[in-house]
Amino acid sequence: MVRIILDWLDHRTGLETAVKDFMLEEIPASSGWPQVFGSMAMFFFMLQAVTGLLLSFNYAPTPGEAYNSLQFIMNELTGGRFIRGLHHWGASMMIVVVALHMAQVFLWGAYKKPREATWMVGVVLLLITLGFGLTGYLLPWDNRAYWGTVVATQIAAKSPGIGDYLTRLLASADGIGVVTFARFYAMHVMLLPAAMVGLMMLHVILVRRHGVAPAPGDTLPKKKFYPGQVFKDTVAIFVGFCILMALAITMHAPLEKLADPTDISYIPRPEWYFLWLFQMLKLFEGPMEVVGTHIIPGLAVGLLMLLPFVDRGKVARLADRKLAFAALLLVATALGGLTTAALNSAPPSAVSHGGETAGAAWQTLPPSELAGLGHFRKQNCLACHAVGAQGGKLGPDLLQLPQKRTIGELVAFFKNPQQLRPGTNMPPVTIPGPQLNDLAAFVVILDAGNAQGLLAAPKTVAEGAVVYQNNRCNMCHIANGNGSKLGPPLNGVGKKRARQWLLEHFVDPQKLSPGSTMPPYRLPEKDLAALTDFLVALP
Amino acid sequence: MSSQTEIQEQSSRRRFYLAGIYGLWALMGAALSLPAAVYLLLPPSVSRKEEWIEVGDIGSLAPGQPEEMTFQRVRKDGWKLITEKATAWVTRVSEKEVVAYTPMCTHLGCAYHWDEKNKHFLCPCHTSAFGLDGKVLMGPAPRALDRYLVKIDGSKLFVGGVKQGDEA
């Protein structure tokens with residue numbers, strides 16, 4: 001029955017015959033284990049396509065959303081972390097396998113006449129593979145992705161002659177935004193896969209056209225691709241697959257914090273297979289930089305491309321290709337050395353700040369900053385943010401922010417968090433501008449040394465500082481060194497005056513101190529009480 | 001070595017090759033398709049627990065006169081929490097009891113409305129009609145209207161999860 005269906009199908013489509021023809025292709029008797037890497041590379045590409053497709057079913061390709069959907073994949077979907085692991089580590093596996101494939105072809109001299117075109121298509125396939133790595137790097141939209149891509153697009157922008165056009169193509173003139181992201185995504189899932197599939201087919205057709213390169217002096221009768229070589233290919237693929245599985249299960253694919261374009265302390269590091277480039281860049285400074293970024297990589301690709309025309313000698317036995325071995329060893333040592341150097345150069349830790357106000361207790365805070373604490377509590381910042389041991393876990397720990405911000409930056413961020421950090425969960429802080437300034441002033445001075453002392457401020461005292469700021473008492477009075485000397489300074493007023501006196505004085509200053517120019521403040525009782533608490537607490 | 005044993009050896013080697021090829025590919029296929037199936041088919045592990053949502057005031061709701069009430073609810077949509085408008089058809093059954101129907105016909109999910117003239121709920125798509133008690137009066141609907149779980153606090157109505165209507 002199966003036979004009848006297969007015959008019918010083959011008669012109509014030629015499918016069975018085509019598969020048979022492909023599998024029963026004759027290959028040299030000398031081929032064997034060294035020739036498995038091409039099949040492996042194709043397998044890993046197809047695996048990337050499958051895992052990539054699975055990821056795309058639950059992935060939103062826009063900044064911010066990308067990060068959230070990836071977290072959803074990794075934390076909420078069963079098997080999601082594993083599938084992302086396969087895709088992430090699969091990329092590395094593919095680089096390794098492609099490198100091994102090239103090294104084998106190089107050592108065996110399999111690029112020589114008449115196989116020059118096969119080799120050159122292969123070099124383009126290598127570049128496409130690296131292109132996948134480069135474009136895929138941005139797609140998680142975490143800090144690593146963002147800053148890594150900033151560097152990559154900046155290097156592209158410096159390309160001699162075509163930098164401006166590349167910048168426009170990548171839409172990266174004003175940094176990495178939605179347009180750049182869309183283009184990287186389109187390249188990663190449309191352009192590159194299409195190019196890869198097309199050229200891979202061409203590559204295989206060319207291999208079939210010229211046949212697998214035989215070892216010199218191989219005069220034995222040819223053998224069939226199937227099953228002997230297919231078996232070897234399968235075993236090699238299986239070994240690679242097991243390594244990938246082990247990586248995906250044991251090593252977490254990294255997902256750092258949401259991309260933060262304002263985080264200038266972040267030190268981007270490229271993926272390991274670009275580390276040698278990253279390290280080489282350090283060797284060239286100033287106007288020479290282009291040597292490291294463009295000229296050497298460009299020459300390397302050009303040389304690789306033209307290799308069949310540089311080395312025109314006859315195909316030789318492996319043992320006689322001493323020069324090829326030496327060249328490969330040299331390249332491997334250079335790449336390995338640069339990579340090791342890059343790995344050993346640990347990034348300098350982020351610039352540490354703080355200390356300026358270390359140990360400052362809440363009592364010595366200027367009214368604006370203490371009022372900031374009042375807003376900090378009123379806005380319930382600790383519901384999401386941790387400050388050391390206290391507070392929530394939804395937002396970042398305010399003592400471990402990657403860098404110190406200015407008050408202006410913080411105010412802009414409070415007003416519209418989404419604008420500065422697309423995708424952040426932080427809601428806008430909807431209080432008037434001057435109050436935002438105070439809140440920012442408080443957050444700015446907060447550090448590990450003073451946090452506990454500052455947060456210990458009594459509730460009503462901080463609220464009193466808010467009342468003090470809202471009524472602009474500092475226009476006339478000075479408190480903890482801030483304000484104007486028009487009216488009497490307020491430090492120590494609690495020792496001079498009774499609480500009741502202060503309360504009554506707000507309502508009718510002239511009654512208690514005749515001749516005073518202070519206007520009356522008929523505030524709600526609660527506000528007056530808090531304001532008085534604040535004044536009494538001034539040292 | 002006789003050619004006989006040579007052929008035997010060759011065929012046993014061939015069998016070994018074939019077993020290796022099909023076995024290893026089957027193994028890899030399984031190792032990939034199992035996680036893929038689980039990933040695509042199982043629901044997300046983090047689900048929101050049902051909570052009571054305030055729909056509105058039902059103090060003026062008259063018996064026999066259903067009212068379409070809208071309310072805001074928060075729903076988890078993939079990786080997002082979204083706030084959306086939702087609707088319930090609320091009907092007073094007695095002094096103490098009200099029912100709240102979900103606004104979708106149980107046939108193919110169209111939004112039905114209250115037909116004042118005929119005193120029943122009518123779906124415009126395939127003319128399914130439902131009585132005040134939610135039961136199917138006519139048309140292709142397979143079961144009575146689905147209802148929200150309800151809770152009344154004073155004159156405020158709260159709704160919770162959805163309970164499917166009985167099969168006709």
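Just so we're on the same page: letters track the sequence lines, and every chain starts at 1.
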Within residues 42-54 of chain A, residues adjacent to chain B where the heavy-atom gap is under 4.5 Å:
A:Phe43, A:Leu47, A:Leu54
Atom of A:Phe82, atom of B:Ala31 and distance for their closest heavy-atom approach
CE2-O, 4.5 Å
Step through the shown structure and confirm whether more than 12 heavy atoms of other residues, nucleotides or ligands are within 6.0 Å of NZ on B:Lys135.
no
Minimum heavy-atom separation for A:Ile83 and B:Ala36, please, with both atom names.
CD1-CA, 4.1 Å
Are B:Phe16 and A:Phe231 an aromatic pair, judged by ring center distance below 6.0 Å?
yes
Counting only heavy atoms closer than 4.5 Å, note whether B:Leu40 contacts chain A via side chain, backbone, both or neither.
side chain
Counting only heavy atoms from other residues, nucleotides and ligands, does the tally under 6.0 Å from CE of A:Met201 exceed 12?
no
Starting at CD1 of B:Ile21, measure out to NZ of A:Lys232 and round the result to the nearest 0.5 Å.
10.0 Å
Measure the CG-CG distance between B:Leu32 and A:Leu244 for me, rounded to the nearest 0.5 Å.
8.5 Å
CZ of B:Arg13: more than 12 outside heavy atoms within 6.0 angstrom?
no
I'd like to check A:Thr234 versus B:Tyr17 (side-chain heavy atoms, cut-off strictly below 4.5 Å). Are they in contact?
no
Looking at side-chain heavy atoms only, is the closest gap between A:Glu65 and B:Trp79 below 4.5 Å?
yes
So, the part of A:Asp233 with a heavy atom under 4.5 Å from chain B: the answer is neither
Between B:Gly78 and A:Phe72, which heavy-atom pair has the shortest distance, and what is it?
O-CE1, 3.4 Å
B:Leu34 portion near chain A, given a 4.5 angstrom heavy-atom threshold:
neither
Side chain proximity check, A:Phe241 to B:Leu24, heavy atoms < 4.5 angstrom:
no
Can you confirm whether B:Lys119 is buried at NZ, in the sense that more than 12 heavy atoms of other residues, nucleotides or ligands lie under 6.0 Å from that atom?
yes
Hey, could you give me the CE/CE distance between A:Met245 and B:Met28, rounded to the nearest 0.5 Å?
9.5 Å
With a 4.5 angstrom heavy-atom cut-off, which part of A:Phe238 approaches chain B: side chain, backbone, both or neither?
both
Taking atom CD of B:Glu95 as the centre, does the number of heavy atoms from other residues, nucleotides or ligands within less than 6.0 Å exceed 12?
no
